[in-house]
Structure formats: C-alpha cells, structure tokens
Amino acid sequence: MDTIKNPNIFWLTGMSGSGKSTLATYIEDFCKKRQYKVYIVDGDEVRDKDVEKLGFDREDVLKNNLRIAKLCLSLKDEGFNIVLVPVISPYEEIRGKVRLILEPNLHLVYVKADIDSLKKRDTKGLYAASDNGLINDLIGYSEVNPYDEPSNAELTIETGNHKSVQESCRQLSNYFTKEIIT
C-alpha cells in the first residue's frame, strides 16, 4: 500500500456551486479505496453545531473559517491522513490566517467556475433567490459580499461548463498522487 507523506489538509475554496463538495467526495472515495484515514469537514455543519450562531458577514465568515482550521488540527492529531475542507472561504485575508494555522500541511485548491455555469447549476437555488431579491449578500455574486480569487493556491481547477466532472476529478487526483503519496 502507498503511504501518505504527512497528514494533509485540502482546503477547497470557490463560490457556491463550483464543485467543491463533489471534488471532496471524489477524493474521499479515492482515499478510502487505499485505506487512508480521511475526513470531510462540512462548513455548514460546523456553523450549525456551534452555540454562537454565525451569519455570512465578513467577521462571521472569519470566525467560522478559523473554527474549521482549528478542527482540522484536532483531526490531524486524531490520526486522519487527509482532511478535506470544501468551504467558500471567500476572503484572501481569511485564507492567509488559515494558512498560518495549517502550514506546512495545507493544500489550497481553488475550484473556479464562471457565473453563467454557477447560475445554471444553482444546486441550492441561491443564485435564483439572489436574482429575485430574496438574498442580498450572496458571496461572490452580490456587490456587498465579494469573493477574492486566491493569489496563492497550490492548484486551480476550472469547473465551468466546458469542463467535465471527470476531468476536474482527474486533475485533483493527479495532484493528490504527485504531492501526497510516496
């Protein structure tokens, strides 16, 4: 069996509907087949479990992302080889703080999709709700809540309509195999 170099955290950032969870689930299956100890951290679950209910303004997103980073450290200490974190994580400042906490074992993966692709997928109905005035702060879509594209991602995966899910999964698994497995 191949071995993992170190416990590693894959932080998948991108706008809602870009494919972060799809890619995380793919890598989870990939890891389980190789008997690696793997865990997916769901940002919404972390948000929902905490006593302090957080919103989606900059300060609350920062708090939630830092909670997730600390949870990743705990999971690493519990013996998980791979921790997968599919969260929007929209601000460069926050990702920088997360990087300081999790380095040298962090792999920032930018899951990038154009707005047209995101609106077509709209798995949670958020873009339609925003267009209908029901949501006024959708991250990366509204003027009040931007998404800063990462300037230092280890990997960028384009997931727009021109690219298949299989291509995106293959790109991530190739990176994973090259960087993680010895």
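- Aromatic ring orientation, Phe10 versus Phe176: tilted (interplanar angle from 30° to 60°).
- Not one N or O on the side chain of Glu167 forms a donor-acceptor pair closer than 3.5 Å with the backbone of Glu158.
- Using a 4.5 Å heavy-atom threshold, the side chains of Asn136 and Val144 count as separate.
- Scanning for salt bridge (charged side-chain N to carboxylate O under 4.0 Å, His left out) contacts around Lys33 gives an empty result, with sequence neighbours left out.
- Within the model, atoms CG of Leu134 and CG of Leu126 stand 10.5 Å from one another, a figure rounded to the nearest 0.5 Å.
- Between the CD1 atom of Ile157 and the CZ atom of Arg170 there is a distance of 11.5 Å, given to the nearest 0.5 Å.
- The shortest distance between side-chain heavy atoms of Phe30 and Val38 does not fall below 4.5 Å.
- Scored by the ring-ring contact (aromatic ring centres under 6.0 Å, His included) test, Tyr91 finds no partners at all (sequence neighbours excluded).
- In terms of heavy-atom proximity, Ile82 sits nearest to Cys31 at CG1-SG, 3.9 Å.
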(Q) As a quick check of understanding, evaluate side chain to side chain contact (heavy atoms under 4.5 Å, CB included) for Leu155 and Glu179, giving each step before the final call. (A) CA-CA 11 Å; Leu155 177 65; Glu179 296 295 324; over 6 Å; no

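- The distance from atom CD1 of Ile94 to atom NZ of Lys63, rounded to the nearest 0.5 Å, is 12.0 Å.
- Taking the side-chain hydrogen bond (donor to acceptor under 3.5 Å, both in side chains) definition, one finds that Asn65 meets it with Ser89, sequence neighbours left out.
- When the shell of 6.0 Å around CD of Glu143 is examined, it contains 12 or fewer heavy atoms from other residues, nucleotides or ligands.
- In this structure, CG on Asp77 lies 11.0 Å from SG on Cys72, to the nearest 0.5 angstrom.
- In terms of heavy-atom proximity, Ile139 sits nearest to Pro90 at CG2-CB, 3.4 Å.
- Put simply, the side chain of Glu92 gets close to the backbone of Ser151: a donor and an acceptor are under 3.5 Å apart.
- Closest of all the heavy-atom pairs between Glu28 and Ile40 is OE1-CD1, 3.5 Å.
- Criterion: ILVMFWY side-chain heavy atoms under 4.5 Å apart, direct or through other members. Under it, Ile88 and Ile115 are part of a common hydrophobic cluster.
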(Q) With side chain to side chain contact (heavy atoms under 4.5 Å, CB included) as the criterion, how do Tyr175 and Glu154 come out once you've worked through the C-alpha distance, each side chain's angles and the decisive distance to 0.1 Å? (A) CA-CA 9 Å; Tyr175 174 84; Glu154 280 76 16; 3.3 Å; yes

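- Placement of Leu118 and Val165 in two distinct hydrophobic clusters is found when ILVMFWY residues are connected by side-chain heavy-atom separations under 4.5 Å, directly or transitively.
- With rounding to the nearest 0.5 angstrom, the OG1 atom of Thr156 is 7.0 Å from the NZ atom of Lys112.
- Every salt bridge (charged side-chain N to carboxylate O under 4.0 Å, His left out) that Arg58 has, sequence neighbours left out, goes to Glu93.
- For Asp131, the side-chain hydrogen bond (donor to acceptor under 3.5 Å, both in side chains) criterion is met by Lys119, Tyr141, not counting sequence neighbours.
- For Arg95 and Tyr147, the positive end sits near the middle of the six-membered ring, less than 6.0 Å away and at most 45° from its axis.
- Of all heavy-atom pairs between Ile68 and Val85, the closest is CG2-CG1, 3.5 Å.
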Show me, pair by pair, the donor-acceptor contacts under 3.5 angstrom made by side chains of residues 19-27, not counting sequence neighbours?
{"unit_1": "Lys20", "atom_1": "NZ", "unit_2": "Gly14", "atom_2": "O", "d": "3.2"}
{"unit_1": "Lys20", "atom_1": "NZ", "unit_2": "Met15", "atom_2": "O", "d": "2.9"}
{"unit_1": "Thr25", "atom_1": "OG1", "unit_2": "Ser21", "atom_2": "O", "d": "2.9"}

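- For the residue pair Ala128 and Asp122, the shortest heavy atom distance occurs at N-OD2, 2.9 Å.
- The shortest heavy-atom contact between Pro150 and Thr13 is CG-CG2, 3.8 Å.
- A donor-acceptor contact shorter than 3.5 Å links the side chain of Tyr127 to the backbone of Ser16.
- With no hydrogens or angles considered, no side-chain donor-acceptor pair links Asn145 and Ser142 at under 3.5 Å.
- When atom types are taken as modelled, the side chain of Asn105 and the backbone of Pro7 share a donor-acceptor pair closer than 3.5 angstrom.
- The CG atom of Leu84 sits 10.0 Å away from atom CG of Asn8, with the distance rounded to the nearest 0.5 Å.
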Q: Could you walk me through whether Ile135 and Asp137 pass side chain to side chain contact (heavy atoms under 4.5 Å, CB included), step by step?
A: CA-CA 6 Å; Ile135 298 174; Asp137 61 351; 3.6 Å; yes

